[in-house]
Visitor: 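This is the structure I have questions about; it appears just below.
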Amino acid sequence: MKLSRIVSNQNGVSRKRANALIATGRVSVNDEVCREAQQDVSEFCAVSVDGNVIQQARPSRYLMLNKPAGYLSATVDDLHPTVLELIDSTLHDDLHIGGRLDRASTGLLILTNDGNWSRRLTEPEIKIPKVYRVTTEHPITPETHRRFEAGIWFEYEQLTTSPAQIEEINECEARVTIYEGRYHQVKRMFHAVGNRITSLHRERMGSIQLNDELTVGQYRSLTAEEIASV
Ligand code: URA
């Protein structure tokens, strides 16, 4: 929300008066004077006028989970256990998933209560690389490399996927890098070339890498550096 709106949301403060308070240096955001009335200020920032807090900073949360197979990337479900059940309930408040994994898929799953941040991580237009280790039913052919690099046509969305890279580990195992993160994207890309994924494990999103020390089902907070990298 714009700073002038936050200040004028106080009882009896007009937008004009709010702008004057800001321009004269009486308004602080996270303890620093801010003179920009049009500055976007999130709910995770504290705002004060003359030292009196008018908006408390909401605690932000950024977690990485080593997702086990069998858990749904959802917050509630009647049938299957959800990844939220693996997270301490004191941290649940408004947590959502930044880039789902299918129930059978494993590895890096990010949960946060910061919607602007998770949008930057997952929006197909922003093209953050997502790296998956996959095993396939049939050998990965040179034609698969070529088709992935050229982009695969998705009829439902009426679009061609961004060029994706395959780094082969052995004939039925590879690291695949994609840049969007559309519904079942990796599975659908292999399906389009007549192959099938038998396991899929996410290792990395941008520069956020699944930690070796996180055992399956464990989670930790992201570091300040990881958060700032998005
Ligand atoms: N692509 C898939 O097909 N499945 C996932 O879980 C993630 C990416």
Side-chain angles (χ1 to χ4, degrees), residues 63-77 79-87 95-112 117-141 143-145 147-169 172-211 214 216-219 222 230:
L63 306 175
M64 92 158 45
L65 167 72
N66 187 352
K67 179 191 173 296
Y71 281 76
L72 268 192
S73 291
T75 46
V76 279
D77 192 73
L79 216 53
H80 301 291
T82 71
V83 290
L84 221 64
E85 292 168 32
L86 298 165
I87 310 285
L95 271 193
H96 62 269
I97 295 155
R100 292 165 193 279
L101 284 172
D102 300 333
R103 190 156 63 93
S105 301
T106 58
L108 175 63
L109 192 77
I110 291 182
L111 298 108
T112 178
W117 185 87
S118 65
R119 257 190 297 285
R120 290 200 298 279
L121 183 70
T122 56
E123 242 166 38
E125 292 70 31
I126 298 183
K127 302 215 180 298
I128 289 198
K130 285 107 188 162
V131 182
Y132 297 86
R133 190 166 172 146
V134 300
T135 47
T136 56
E137 188 171 39
H138 308 295
I140 299 162
T141 61
E143 172 68 1
T144 303
H145 284 253
R147 296 271 312 276
F148 276 33
E149 193 58 58
I152 301 283
W153 173 249
F154 277 180
E155 185 68 33
Y156 181 75
E157 292 93 336
Q158 292 282 299
L159 56 83
T160 302
T161 58
S162 295
Q165 290 81 43
I166 300 176
E167 180 201 324
E168 246 172 271
I169 297 166
C172 288
E173 201 173 351
R175 241 181 220 103
V176 178
T177 305
I178 61 168
Y179 296 86
E180 294 125 320
R182 301 188 185 281
Y183 183 64
H184 293 326
Q185 179 164 341
V186 182
K187 279 186 187 152
R188 289 162 73 201
M189 289 173 77
F190 276 96
H191 185 255
V193 297
N195 206 339
R196 195 176 73 85
I197 296 250
T198 55
S199 79
L200 188 145
H201 178 84
R202 185 156 58 204
E203 294 184 334
R204 182 162 72 79
M205 295 175 87
S207 50
I208 305 175
Q209 179 101 30
L210 187 64
N211 268 38
L214 274 190
V216 175
Q218 277 193 324
Y219 63 93
L222 296 188
V230 174

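Whatever order the structure lists them in is the order used to number ligands and atoms, beginning at 1. Every heavy atom of this structure was used, including side-chain atoms; hydrogens, water molecules and symmetry mates were not.
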Visitor: Let me see the working for K127 and S162 under side chain to side chain donor-acceptor pair (under 3.5 Å), right down to the final yes or no.
Guide: CA-CA 9 Å; K127 302 215 180 298; S162 295; 2.9 Å; yes
Visitor: Please round to the nearest 0.5 Å and tell me the distance separating atom CG of L159 and atom CD1 of I152.
Guide: 12.0 Å
Visitor: Report the residue from T82, I87, V83 that forms a side chain to side chain contact (heavy atoms under 4.5 Å, CB included) with E85.
Guide: T82
Visitor: Please indicate whether F148 has more than 12 foreign heavy atoms, meaning atoms of other residues, nucleotides or ligands, lying under 6.0 Å from its CZ.
Guide: yes
Visitor: Using the rule side chain to side chain contact (heavy atoms under 4.5 Å, CB included), only one of V176, N195, I166 pairs with T144; which is it?
Guide: I166
Visitor: In the structure I gave you, are the side-chain heavy atoms of R188 and T161 within less than 4.5 Å of one another anywhere?
Guide: no
Visitor: Compile the protein residues with any heavy atom at a distance under 4.0 Å from an atom of ligand 1; present them by chain, then by number.
Guide: L101, D102, S105, Y132, H184, Q185, V186, K187, L200
